[in-house]
Amino acid sequence: MTGIRSTATSFSDVAPKKVLVVDDSMVMRAWLRSVLSADPRLEVVAEASNAVEARDFLRTQKADVLTLDIEMPGMSGLEFLTRLMRARPMPVVMMSSLTAAGSDAAIQALSRGAIDCMVKPSKRFGEELTQDICERVYQAACTRPSQLQRRAKPEQPAQDVMQNMADNGVRRPCRRGAIVLIGASTGGVAALETVLPMLDPEGPPVAVVQHMPGNFLQSFSERLNRQLPQTVFLAQENKALQRGDIVLAPGNGQHTELKRINGSWFCRFTANEPVALHCPSVDVLFRSAEAEAKHVAAALLTGLGKDGAAGLLKLATAGATTFGQNEESCVVYGMPKAAKAIGAVQHELSLDRIGRAICESHSAKRRPATRVQRART
């Protein structure tokens, strides 16, 4: 028998976050309930087998976060997410397959307001991965309503952003040999879709590490390439980067590094040894550019954990200009917070100001980097 079944447990002294599991598979619902309920910070209060049941539950009861299957009969998870974010923005973690269609839908979901997207397991996960799932669902549940309201607003077209920059005199000739490095994780799809359109289409090449599975990255790069005037593609071994290129580190089980030869930047891949928590790693990308730091502007955006913090510090110490997304505009204030804590962030800015600031940092008349400063929001 399908339908919503209450699975609430008793509260501890600190009330756990309430989770609604939405999936048409009884097996998947049972597995998620088992994994999430093992974490004392989370309480699976109900299950729904389809979008209609989830809608009916939310009309009368409260959940702090949803896990939502993308591929469901009737109203798809993507359609339900779109309606939900218009009517009642709330934290949603999508569950997706690694098929091409599933990956494309996952990127659409992240762009439309989902906090995170996890791959549906095809076999039993180890303890480390189940802990990761719990952490990501918990962090999504902790997202502030103000952040969700901002993410639910219609996006400003890239051409409009660029026109505003031109009107305000932001676009200036960039310095020879300059490059932009960006790291992001949870909440990064929407963050990058805010920052990248504000960069000069004829400006320095941009290298990005975004934590997500390889199939998702392929779909994301194709989406960005359709949306932006820049050329967006997955990094390729020993390919020279040109002005206006945006490269995403691929999820190919290797790290992406950069090397500058005769004024041009090239990508190269290195083995994940010793095994890093994230592959590709933001730290690895940042550290690879340390010798040429005076040509680098690097930014660390929203994300869980601390990947990129140590690498950003090395760049800042060596002469790069460094940016961190501020807490108020982050979905998860983890990676930028870790970088700020060790003194790696020279400029802490809201998301809608970082792209413009990167452009200014790479102008021909570059102003010297300053110590950490908190922008007014």
Side-chain angles (χ1 to χ4, degrees), residues 19-29 31-32 47-55 58 63 65-122 125 129 132-133 136-137 139-140 143 148 151-155 158 184-194 196 208 210-228 232-234 248 250-252 302-303 331:
V19 185
L20 170 61
V21 174
V22 186
D23 199 295
D24 65 311
S25 167
M26 183 182 299
V27 173
M28 179 57 62
R29 294 198 304 271
W31 182 82
L32 279 171
E47 302 170 17
S49 63
N50 56 55
V52 174
E53 290 176 356
R55 180 201 61 192
L58 293 173
V65 62
L66 272 68
T67 66
L68 180 60
D69 185 17
I70 286 181
E71 298 158 332
M72 294 190 298
M75 186 188 302
S76 71
L78 188 60
E79 182 181 355
F80 177 61
L81 171 72
T82 303
R83 296 185 180 188
L84 181 67
M85 298 309 287
R86 287 174 181 166
R88 179 186 172 181
M90 64 179 299
V92 176
V93 176
M94 306 300 292
M95 301 295 295
S96 172
S97 68
L98 271 178
T99 63
S103 297
D104 183 63
I107 298 304
Q108 291 186 54
L110 292 168
S111 179
R112 295 184 189 190
I115 300 299
D116 204 350
C117 188
M118 298 183 293
V119 179
K120 276 193 168 186
S122 57
F125 278 176
L129 287 177
D132 180 61
I133 290 172
R136 289 161 68 176
V137 171
Q139 289 293 338
T143 303
L148 292 170
R151 286 161 60 86
K153 291 180 180 179
E155 301 172 10
S185 186
T186 309
V189 166
L192 288 167
E193 289 187 343
T194 299
L196 294 179
V208 178
Q210 164 67 52
H211 295 157
M212 62 172 57
N215 288 30
F216 289 7
L217 286 166
Q218 179 66 48
S219 294
F220 188 34
S221 68
E222 292 170 357
R223 174 184 172 87
L224 289 174
N225 194 49
R226 291 192 301 268
Q227 292 181 335
L228 299 176
V232 185
F233 54 95
L234 296 183
L248 274 63
N252 58 0
T302 176
V331 171

To the nearest 0.5 Å, what is the distance between CZ on R55 and CE on M75? 6.0 Å

Less than 3.5 Å apart, any donor N or O on the side chain of Q218 or S103 sitting next to an acceptor on the other? no

Q227 and L224, any side-chain heavy atoms less than 4.5 Å apart: yes

Taking it one step at a time, do V137 and L32 satisfy side-chain contact (heavy atoms from CB on, under 4.5 Å)? CA-CA 11 Å; V137 171; L32 279 171; over 6 Å; no

Distance check, rounded to the nearest 0.5 Å: M95 atom CE versus T67 atom OG1? 6.5 Å

Hey, does L110 have a side-chain heavy atom less than 4.5 Å from the side chain of F220? no

Where is the tightest heavy-atom contact between L217 and P250, given as atom of each residue plus distance? CD1-C, 3.9 Å

With side chain to side chain donor-acceptor pair (under 3.5 Å) as the test, would you mind laying out the steps for T186 and Q139 before giving the verdict? CA-CA 9 Å; T186 309; Q139 289 293 338; over 6 Å; no

Using 0.5 Å steps for rounding, measure from the CD atom of E47 to the CG atom of L20. 9.0 Å

Looking at every non-hydrogen atom in both residues, tell me the closest pair between M72 and D23 and how far apart they are. SD-CA, 4.2 Å

Which pair of heavy atoms, one from A114 and one from M94, lies closest together, and at what distance? CB-CG, 3.6 Å

In this structure, CD of E79 is separated from CD1 of I70 (nearest 0.5 Å) by 13.5 Å

Are the side chains of V27 and S25 in contact, using a 4.5 Å heavy-atom criterion? yes

I want to check something: taking the side chain as every heavy atom from C-beta on, are R88 and L58 in contact at a cut-off of under 4.5 Å? yes

Please find the pair of heavy atoms, one from R29 and one from S49, that lie closest to each other, and give the distance. NH1-CB, 3.4 Å

Yes or no on side-chain contact (heavy atoms from CB on, under 4.5 Å) for L234 and N252, after CA distance, side-chain angles and deciding distance? CA-CA 10 Å; L234 296 183; N252 58 0; over 6 Å; no

Does any non-hydrogen side-chain atom of Q210 lie less than 4.5 Å from one of L192? yes

Separation between CG of L84 and CG of L66, rounded to the nearest 0.5 Å: 6.5 Å

Would you sort out whether I133 and M118 count as a side-chain contact (heavy atoms from CB on, under 4.5 Å), showing the intermediate values? CA-CA 8 Å; I133 290 172; M118 298 183 293; 3.8 Å; yes

If we only count heavy atoms from C-beta on, is the I107 to M212 side-chain gap below 4.5 Å? yes

Heavy-atom closest pair, residues C117 and S96: SG-CB, 3.7 Å

Shortest non-hydrogen separation from S185 to G303 and the atoms involved: CB-CA, 3.6 Å

Report yes if some heavy atom in the side chain of Q108 is under 4.5 Å from a heavy atom in the side chain of L81; otherwise report no. no

